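Just so you know, ligand 1 is whichever comes first in the structure, and atom 1 is the first atom listed for that ligand. These numbers were taken from a predicted model, which means no experiment stands behind them.
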Amino acid sequence: MFQPGDHILCTDDLYGGSVRAFERAEMKRGLKFSYVDTSDRELTEKEIRDNTKALYIETPSNPTMKVTDLSKMKELADRYRLLLIVDNTFLTPYFQNPIAHGADIVIHSGTKFLGGHNDTLAGFLSTSREELVPEIRYFYKTIGSSLSPFDSFLVLRGIKTLSVRLEKQQKNAHGIARWLKEQKKVEKVYYVGLSDHPGYDVNLSQSRGFGSMVSFCTDTAETARNVLERIKLITYAESLGGVESLLTYPMLQTHEDVPLEIRDKLGITDRFLRLSVGIENVEDLIADLDQALS
Ligand SMILES: *Cc1c(COP(=O)(O)O)cnc(C)c1O
């Protein structure tokens, strides 16, 4: 959809794999990318260039849970004739519908909440723009990125329980976020469902929930490493959104390829952990974190 020389302006706190795809693969084809804090509309507008063709947004962002106002991005997209692309993996269609807020293209990883069981890889792309459909279909058919029947089955089966999983995961995440805030060795908790989160109101205005992703910063790097080593019920692994709780060390895993200066600016340090909360008993999850932190 884009030509060499086109520029895409992205949220500065994107899923690391997106940054990897942009910087390692798409850049070779002549596309230009830059990253800005899209929760700040003025700052975002300043970064729009003559050759900017699209805004690429994640809200809440990964892993620092910044919230971008979709209606403000829609305004910018209209004014500068940009495509508005939203990665809606974190909240899923159950909690947030970016097309209703003006997005042209919405991306979901099916690997995460939609599949929901950490057992398949899939991805989805939705568009409100009928004229883009033939082009998109043509490309995925040509490059072969279509789903096999079995993966399709797993995702369809997963989606049947999306609502119950997400309600439970969100409730667990809320409980864990509140508990983490009280812990001496935890310095900062990033969860959109906490009313003191800077994006709390904007997120409420454009979604029906907060999701189940909780990031937190420990007092020292040693504490973070201890937690990763000591957790028993929670698994130290990448990925997110499934029924099992997974704890990630973004600096070494998901966000390893994000340039250091961006990571530092965002606070993705050696003390930063990201938890994808599953459907286990919340008291068991808290007990696991408690023993790992002590
Ligand atoms: C995992 C993830 C992706 C990529 O999904 P895959 O299915 O693993 O390719 C994209 N965006 C976000 C926000 C993700 O968490």
For ligand 1, output the ligand-protein N/O contacts shorter than 3.5 angstrom; if there are none, return none.
residue	atom	partner	partner atom	Å
ligand 1	5 (O)	Ser109	OG	2.9
ligand 1	7 (O)	Ser109	OG	2.7
ligand 1	7 (O)	Thr111	OG1	2.5
ligand 1	7 (O)	Ala122	O	3.3
ligand 1	11 (N)	Asp87	OD2	2.6
ligand 1	15 (O)	Lys112	NZ	2.8

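- Within the structure, salt bridge (Lys or Arg N to Asp or Glu O under 4.0 Å) pairs that include any residue of residues 128-150 comprise Asp104-Arg129, Arg129-Glu131 (at least two apart or interchain).
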Compile the donor-acceptor pairs under 3.5 Å between side chains in residues 67-79 and protein atoms, sequence neighbours left out, one pair per line.
residue	atom	partner	partner atom	Å
Thr68	OG1	Thr38	OG1	2.7
Asp69	OD1	Ser71	N	3.0
Asp69	OD1	Ser71	OG	2.7
Asp69	OD1	Lys72	N	3.3
Lys74	NZ	Asp78	OD1	3.1
Arg79	NH1	Glu45	OE2	3.1

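- Heavy-atom neighbours of Arg208 CZ from other residues, nucleotides or ligands within 6.0 Å: above the threshold of 12.
- Counting only N and O atoms by type, the side chains of Thr223 and Asn226 include no donor and acceptor under 3.5 Å apart.
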For this session: Kindly indicate, with the supporting measurements, whether the criterion ring pair (Phe, Tyr, Trp, His ring centres under 6.0 Å) is fulfilled by Phe113 and Tyr94.
Result: CA-CA 10 Å; Phe113 293 97; Tyr94 182 68; over 10 Å; no

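- For the side-chain hydrogen bond (donor to acceptor under 3.5 Å, both in side chains) test, residues two or more places apart in sequence or in another chain that qualify with Ser39 are Asp37.
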